[in-house]
Amino acid sequence: MTNYDTVILDIEGTITPITFVKETLFPYVTSGLSAFLDRTWETDELKKQIELLREQAKKDVDAKMEQAVIIPTESEASAEQIKSAVIETISWQMKADRKIGALKSFQGYMWKEGYESGVLRGVVYDDVVPALDQWKAAGKKIYIYSSGSVPAQKLLVGYSTKGDLMSYFSGYFDTAVGLKTESASYKNIAQQIGKENDTKSILFVTDNINEIFAATEAGYQVVISDRPGNAPLGPESKQFKIVTSFKQI
Ligand SMILES: [Mg+2]
């Protein structure tokens with residue numbers, strides 16, 4: 001690697017175990033949903049979240065998606081009927097791993113309560129904070145780019161097992177800048193942080209080889225994060241630097 005003054009980090013499989021998302025965050029939503037709806041039923045925020053799901057459900061029914069169900073309004077149905085439609089909607093969308101705004105927004109809304117109440121803590125690997133300290137001391141800027149929504153990213157690093165890490169980060173990016181497997185997204189980020197003519201001074205760390213290719217195409221330097229539980233790396237990853245700890249970067 002040559003000199004870099006900017007570091008962009010992926011979350012899952014890079015600073016956080018993939019199992020935290022699959023075994024903690026997602027089950028928190030699926031197993032707690034019914035009680036959460038009962039608890040927050042009268043709040044304006046929940047009404048807003050359900051309206052987003054309702055609009056999405058309408059589109060899905062129009063698109064003839066098999067599992068899509070209409071979420072009735074309060075004038076059309078009882079609270080119990082609305083709740084059960086919401087549960088059905090979230091359950092099939094999560095099983096299908098849909099990356100849609102309404103679902104992400106709802107998950108983030110539930111996670112917020114979990115993090116703020118101390119039930120959830122974002123798991124961050126032990127070697128991450130020492131690296132953040134070193135980068136910060138060296139005057140490097142540090143950003144996050146993850147397909148989880150920006151609010152969900154902030155919760156994870158703000159309420160982490162290593163404390164509130166938000167002061168380390170100069171900014172957060174999600175798929176609003178584009179998909180992580182497209183080089184245009186990395187060019188877009190570079191532009192937003194004033195580095196469009198200097199992408200080679202950016203280091204991007206991720207576990208996903210397609211993201212590595214996309215960032216490389218945009219001129220970034222890259223490092224592959226190989227953590228326990230990550231998908232196995234194929235032979236095409238051998239041409240890049242691979243680390244199992246941030247100590248090796
Ligand atoms: Mg990842």
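First listed ligand is number 1; within each ligand, the first listed atom is number 1.
- Remark: Asp133 engages Val129, Tyr168 in a side chain to side chain contact (heavy atoms under 4.5 Å, CB included) (not counting sequence neighbours).
- The side-chain tip of Arg121 does not point at the ring of Tyr115 from less than 6.0 angstrom away and within 45° of straight on.
- Residues Ala214 and Tyr186 approach most closely at CB-CE1, 3.6 Å, considering heavy atoms.
- Of all protein N, O or S atoms, those under 2.8 Å from the Mg ion (ligand 1) number 3.
- Ion pairing between a basic and an acidic side chain is recognised when a charged N comes within 4.0 Å of a carboxylate O; Glu51 and Arg54 show such pairing.
- A cation-pi arrangement is not found for Lys200 relative to Tyr220, the charged atom failing to lie both closer than 6.0 Å to the ring centre and inside a 45° cone about the ring normal.
- Relative orientation of the Tyr145 and Phe204 rings is tilted, given thresholds of 30° and 60° on the angle between their planes.
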